[in-house]
Amino acid sequence: MEELGLKGALSTITSGAIVQAIAVVAVAWLLIMAVQKLLPLLAHKLSGKPRLYLLAMVPLLRLVIIVLTIVMVVPILVEPSFENMLAIFGALGLALGFAFKDYANSLIAGIVTLYEMPYRPGDWIEINGQYGEVRAIGTRAAEIVTLDDTVIVIPHGLLWNNLLANCNDGTDNLMCVAELYLEPNHDIARMRELFRDVIYTCPLTKTYQPVVVAVTGSDIGMKYRLKAYPLTPGDQTRFIADLTARAAEICADEGVRMMSRPLLLH
């Protein structure tokens, strides 16, 4: 019965309707390309939250265009009666369910991602041991760019069973930590104050955000963690490198020997 309904629905398709549907799809494709190109270009000229909002609009607008295109194309090809719509979408749902189970799982997760927004373009996330900035969010997967400039495609379906760490969560505040290991025999209070000065004098430090110098010790050595926020999340590598270099100079001036982490653990 369903097969007869599907054949009846498809029998109403004409060559003129096909041409009209192709024209609608072509216009939608051009709109999607324009959104994916123009909004990121405009966003990169801005900073702070306006940049993040524009980047987050890209996947949402793409989804809206796709949905509107489907809504427009189906009535063009098929007479919009209840029986025809039921037959078309029923057959389509069965085909997608059996042939693209994993793909459909990622698509559904992508829709959930757009609604809950656990990450957005511009966020720095870590999932399955991969860390990077979200460059684009598609309907099936997200693209992140690592600190080594490697593009990694992460299917949205991984969200169901994996932990996700979002380091800036839609803001331009991303805490960085520079770790140092020093020999145990030194003036800890003085080194903490010197390290605080190191952070505040770094030109990449966002000085109106909290600055913390944490220290923990053992029988072997002392571990210092210099925690602060760079001006932009993209500065994190240069920021940590600058803090580490400046702190190393302070240690040399004070005559405090730095230790490597493998030596400390050994």
Side-chain angles (χ1 to χ4, degrees), residues 6-7 9-46 50-81 84-123 125 132-146 149-159 170:
L6 180 60
K7 288 182 178 179
L10 297 178
S11 65
T12 62
I13 299 177
T14 63
S15 58
I18 293 176
V19 172
Q20 189 176 355
I22 292 175
V24 173
V25 172
V27 172
W29 181 80
L30 291 175
L31 287 175
I32 291 175
M33 290 298 102
V35 167
Q36 293 183 154
K37 295 293 184 181
L38 296 179
L39 285 185
L41 287 177
L42 180 60
H44 290 318
K45 295 181 180 179
L46 303 174
R51 172 180 177 271
L52 298 175
Y53 289 153
L54 278 178
L55 290 174
M57 287 177 60
V58 174
L60 183 60
L61 288 176
R62 183 173 60 241
L63 178 62
V64 171
I65 293 173
I66 292 174
V67 172
L68 291 178
T69 302
I70 295 174
V71 172
M72 294 176 63
V73 167
V74 172
I76 292 175
L77 296 176
V78 181
E79 182 181 350
S81 64
N84 288 343
M85 295 296 101
L86 184 62
I88 291 292
F89 287 110
L92 183 62
L94 288 175
L96 291 176
F98 285 105
F100 303 102
K101 180 180 179 182
D102 293 335
Y103 189 84
N105 180 48
S106 292
L107 286 178
I108 296 173
I111 295 174
V112 173
T113 298
L114 292 176
Y115 172 71
E116 294 186 349
M117 299 186 74
Y119 51 80
R120 316 154 188 79
D123 283 357
I125 66 172
E133 180 184 17
V134 180
R135 184 175 71 173
I137 298 178
T139 53
R140 184 192 69 86
E143 291 183 2
I144 69 171
V145 182
T146 68
D149 202 27
T150 300
V151 178
I152 298 178
V153 179
I154 300 178
H156 295 305
L158 289 178
L159 287 175

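What you see below is based on every heavy atom in this structure, not just the backbone, and it leaves out hydrogens, waters and symmetry mates.
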Fill in: Stepwise side chain to side chain contact (heavy atoms under 4.5 Å, CB included) check, Ile154 with Val134
CA-CA 10 Å; Ile154 300 178; Val134 180; over 6 Å; no
Item to complete: Would you please name every residue forming a side-chain hydrogen bond (donor to acceptor under 3.5 Å, both in side chains) with Gln36, sequence neighbours left out?
Response: Arg62
Worksheet item: Could you give the distance from CZ (Arg135) to OG1 (Thr146), rounded to the nearest 0.5 Å?
Response: 11.0 Å
Discussion item. Just verifying a value: how many Å separate Thr69 OG1 and Met72 CE, rounded to the nearest 0.5 Å?
Written reply: 7.0 Å
Worksheet item: Under the side-chain contact (heavy atoms from CB on, under 4.5 Å) test, which residues partner Leu31, sequence neighbours left out?
Response: Val27, Ile65
Worksheet item: Who are the side-chain contact (heavy atoms from CB on, under 4.5 Å) partners of Val153, not counting sequence neighbours?
Response: Arg140, Ala141, Glu143
